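Report on one structure; see the data block that follows.
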Amino acid sequence: RWIKKRIKFMKLLKFLFFSIFLILLGCSKNQKNILSNISKPNILIIYLDDLGYGDVSAYNKGKIQTPNIDKLANNGLKFTNGYSSSATCSPSRYALLTGKYPWRNPNAKIITGGSLIIDTTEVTLPKVLNSNGYYSGIVGKWHLGLGNTKINYNSLISPGPNQVGFNYSYIMADTQDRVPCVYIENGKVVNLDDDDPIEVNFAVNSNFDDYNLPTGLNNPELTNMKWHHGHNGSIINGVPRIGYMKGGENALWSDIDMADHFLKKANEFLEENKENNFFLFYSLQQPHVPRTPHPRFEGLSGMGPRGDVILEADWCIGQIYKTLEKLDLLKNTLIILSSDNGPVLNDGYYDNAVELLGDHDPFGGLRGGKYSLFEAGTKVPFIAYWKNTIQSGVSNEIISQIDLLSSISSIVGDKFRSKDGQDLSNLILNNHGNGRKELIIEATTRTAFRSGDWVMIPPYNGVPVNKNVNIELGNSNEYKLFNIKNDPSQRVNLIKVNNIQLQKMIKRYKSIIGDDMNSPEKLILE
Ligand code: NG6
Ligand code: CA
């Protein structure tokens, strides 16, 4: 009996030990999950196209209302000195994905049907994340070039996003004002009919007239949006585009449905990857031209199509937020929202962007705009949001999109740091520590220099104002020096008043750009 009792007791003990062991194991597993999720958040970059510093109402500069972006800005960290890496799209996106200044790469210029400008051997943001167990996807505008030579849209298009790190891609090749007006999924044109191959041509004196296809130049009567400058090639869905396109009828996108279409793909990506660590680059096309809001947004802003597509984009961002909420992903997703360059009103179509602007200020009181070396070219909305992790706040520290690769790498525990980016993870997550001390600003291959509160713009040949878009580009035959803390709209040139500061900045600027400056012919440095 005694032995039986003892065996029973031992069994009980064993059971107890085993249960405790299981409980502990469960705890530690949970703990590990929580920890690993916290140290490795999902990354969602929401990237807008030509959205200005004043176009987000949380910045209190303009009149348009963007409640969904505001939600991220007001409950996350809002940067007031956040920069895109260039005042135009392709170089800016190149720098975001590689952490390298775009002026180091002579190919990093606005792309019109051109080849991929990221070397497939280069380290990129998606590659770093993939090596840390992430699944990476891009949905939306690409504009970093495709292929190595002339692109054949009728077979697998490569290299492209999938060759520089994205496991999944659903893109528009360049812009919605450029042909071909089709979506490309993992290198394949979506809905392409083999019997109706696509031909694309960007030659200025194209022989596309030979095909007897209407163009904006020859058949303005067939357009429902009039071109102002450029944009007089093939007419697709009533909109004249840059370049000429033939065939691919079945694959043509619907402009008014583009926002819903990309949103659907982005939502699908989130649903499918809710169990993975994921990186999604949600690259919206708004408010770039042609601005074609879905009819349910038409007229809502009272500012014409430009305002309407901003409301449409804001709504899409709200929908993405809802999806993350529904999938219970907000607590372990770091969201970065920004724009690839500053705003422009008339970028080539008559769409009343100027006429109906009213007292809205997309430029947020800054000088210049898209294409410009002045502040409005590259100072953009820049927001970091991570529910329950990033405290709501405002940072006046300087941060650039070029820092995202190094910072995100650091956040996920990777050692990689890019050539020109800084690890600003502490600033992004904790609003703590310093931002950049200095930054090279870029616009259409020209460069300028920000150091602390000072901006120095070297002299450049070229017109001071691009009359078509009515934007001051920053060209003049003298140096310019501004203290943007006292003079954010860069009105007072201080070269005479503070020559010492000017000389200091010229010296430092030259030492940074060195031999890498790729357009010395544009630079008149004495
Ligand atoms: C310019 C286009 C402009 C826009 C820009 C690219 C003309 C006259 N202008 O060449 O409309 O498409 O390229 O914009 O064709 S970006 O935001 O993608 O850099
Ligand atoms: Ca852009």
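Just so you know, ligand 1 is whichever comes first in the structure, and atom 1 is the first atom listed for that ligand. From a predicted model like this one, the values you see are computed outputs, not experimental measurements.
Salt-bridge formation is detected for the pair K141/D49: a Lys NZ or Arg NE/NH1/NH2 atom is positioned less than 4.0 Å from an Asp or Glu carboxylate oxygen. Look at D177 and R241 and you find no salt bridge, because none of the NZ, NE, NH1 or NH2 atoms lies under 4.0 Å from a carboxylate O. With respect to the salt-bridge test (charged N to carboxylate O, under 4.0 angstrom), the residues R306 and D351 do not qualify. A salt bridge between D420 and R104 is present, with a side-chain N of the basic residue lying under 4.0 Å from a carboxylate O of the acidic one. Taking 4.0 Å as the cut-off between side-chain N and carboxylate O, R296 and E312 do not count as a salt-bridged pair. The existence of a salt bridge linking E185 and K188 is excluded, since no basic side-chain nitrogen approaches an acidic carboxylate oxygen closer than 4.0 Å. A salt bridge does not link D257 with K264: none of the charged nitrogens is closer than 4.0 Å to a carboxylate oxygen. Ion pairing of R93 with D340 is present here, as a side-chain N (NZ or NE/NH1/NH2) and a carboxylate O approach within less than 4.0 Å.
The parts of D347 lying near ligand 1 are both backbone and side chain, judged by heavy-atom distances below 4.0 Å. Residue contacts with ligand 1, taken as heavy atom pairs separated by less than 4.0 Å, do not involve T112 at all. The residue W227 has no part lying near ligand 1, judged by heavy-atom distances below 4.0 Å. Residue D50 touches ligand 1 through its side chain alone, judged by heavy-atom distances below 4.0 Å. With a 4.0 Å cut-off on non-hydrogen atoms, R93 does not touch ligand 1 at all.
Of all the atoms in ligand 1, the ones that sit under 4.0 Å from a non-hydrogen atom of H143 are 18 (O). Within ligand 1, counting atoms from 1 as listed, the ones closer than 4.0 Å to a heavy atom of D49 are 17 (O). Each of the atoms 17 (O) of ligand 1 lies under 4.0 Å from some heavy atom of N341. Contact atoms of ligand 1 toward D177: 3 (C), 4 (C), 11 (O), 12 (O) (distance under 4.0 Å to a heavy atom of the residue). Listed by atom number, the atoms of ligand 1 under 4.0 Å from T175 heavy atoms are 18 (O).
Summary of contacts: the protein heavy atom closest to atom 10 (O) of ligand 1 is R178 NH2, 3.5 Å. With hydrogens left out, the protein atom closest to atom 15 (O) of ligand 1 is I242 CD1, 3.3 Å, a heavy atom. When only non-hydrogen protein atoms are considered, atom 14 (O) of ligand 1 lies nearest to K370 NZ, 2.8 Å. Atom 9 (N) of ligand 1 has H231 CE1, 3.9 Å as its closest protein atom, hydrogens excluded (heavy atom only). Atom 8 (C) of ligand 1 has as its closest protein heavy atom H229 CD2, 3.5 Å. Of all protein heavy atoms, the one closest to atom 3 (C) of ligand 1 is Y371 OH, 3.4 Å. When only non-hydrogen protein atoms are considered, atom 16 (S) of ligand 1 lies nearest to C89 CB, 3.2 Å.
When all heavy atoms of S92 and S85 are compared, the pair lying nearest together is OG-N, 3.6 Å.
Aromatic ring centres of Y134 and F278 lie farther apart than the 6.0 Å criterion allows. Taking the six-membered ring for Trp, Y349 and H228 have ring centres at least 6.0 Å apart. Aromatic rings from F262 and Y183 are positioned such that their centres are separated by under 6.0 Å.
Within a 6.0 Å sphere centred on CD of Q163, other residues, nucleotides and ligands contribute more than 12 heavy atoms.
Residue H288 places at least one N or O, backbone or side chain, under 3.5 Å from an N or O of ligand 1. Checked against a 3.5 angstrom limit, the closest N/O atoms of T88 and ligand 1 fall outside it.
Here N341 reaches the Ca ion (ligand 2): one of its N/O/S atoms is less than 3.0 Å from the metal.
Distance OH/Y371 to OG1/T378: 15.0 Å, rounded to 0.5 Å.
Checked against the Ca ion (ligand 2), the N, O or S atom of D49 at the shortest distance is OD1. The N, O or S atom of D340 with the smallest distance to the Ca ion (ligand 2) is OD2. Summary: OD1 is the N/O/S atom of D50 found nearest to the Ca ion (ligand 2).
Residue contacts with ligand 1: Y349 is excluded, as none of its non-hydrogen atoms falls under 4.0 Å.
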